[in-house]
Amino acid sequence: MKLIETSDITIYDVSIEEVYHIVKKGDSVSALAKAYGSTQVQIQQWNGLVDLNLIKVNQRLRVK
């Protein structure tokens, strides 16, 4: 933090840990997005989903 203050850095990279979820019966992309604070579009892009309705039980999805 001292280096940031003395170097007058105002923008810096904050890494975000990736979170994954194993799909269970009854899960939906919209419910997962809400539960993990993501969006359906983000989950779709991270996982290369063509159709948000075609997720399968035991499928591993990045959700954050």
Side-chain angles (χ1 to χ4, degrees):
M1 194 60 148
K2 184 81 171 159
L3 177 61
I4 291 171
E5 292 169 354
T6 59
S7 300
D8 196 29
I9 298 173
T10 56
I11 300 174
Y12 54 93
D13 183 26
V14 177
S15 62
I16 298 172
E17 186 177 335
E18 294 178 3
V19 177
Y20 291 86
H21 176 88
I22 304 298
V23 176
K24 297 176 189 82
K25 185 176 181 179
D27 283 347
S28 67
V29 174
S30 61
L32 293 173
K34 186 175 181 179
Y36 288 96
S38 301
T39 67
Q40 292 183 53
V41 171
Q42 287 173 317
I43 292 174
Q44 183 176 27
Q45 291 174 343
W46 291 328
N47 296 285
L49 300 175
V50 176
D51 185 338
L52 295 178
N53 297 309
L54 295 178
I55 60 173
K56 298 177 182 178
V57 172
N58 293 324
Q59 183 176 359
R60 181 178 183 253
L61 294 177
R62 179 177 172 195
V63 291
K64 189 166 182 161

Check your understanding: Are L61 and V19 linked, directly or through other ILVMFWY residues, by side chains that come within less than 4.5 angstrom of each other?
Key ->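 L61 and V19: one cluster.
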**Study point:** N53 backbone acceptor or donor facing D51 side chain under 3.5 Å
**Key:**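 Yes.
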Point to revise | Side-chain (S38) to main-chain (I43) donor-acceptor, under 3.5 angstrom | key: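 It does not hold such a pair.
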Check your understanding: Quick one: does D27's side chain get under 4.5 Å of H21's, heavy atoms only?
Key ->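 A side-chain contact exists here, since the closest heavy-atom pair is under 4.5 Å.
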Check your understanding: Are any non-hydrogen side-chain atoms of L52 and Q40 less than 4.5 angstrom apart?
Key ->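 Yes - at least one pair of side-chain heavy atoms lies under 4.5 Å apart.
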Does [X] have any side chain to side chain contact (heavy atoms under 4.5 Å, CB included) partners at least two apart in sequence or in another chain, and if so, which?
| X | result |
| --- | --- |
| I22 | N58, R60 |
| K56 | Q59 |
| Q45 | V41 |

Exercise for review: Scan residues 45-64 for pairs that pass ring pair (Phe, Tyr, Trp, His ring centres under 6.0 Å), counting only residues two or more places apart or in two chains.
Suggested key: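 Sorted pair list comes back empty.
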Review point. Can you tell me how far the NZ atom of K64 sits from the OH atom of Y36, to the nearest 0.5 Å?
Key: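 It comes to 10.5 Å.
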Point to revise | I55 CD1 to K24 NZ distance, which is reported to the nearest 0.5 Å | key: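 Result: 11.0 Å between the selected atoms.
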Review point. What are the two closest non-hydrogen atoms of A33 and T39, and how far apart are they?
Key: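 Scanning both residues completely, I find the closest heavy atoms to be CB-C, 3.7 Å.
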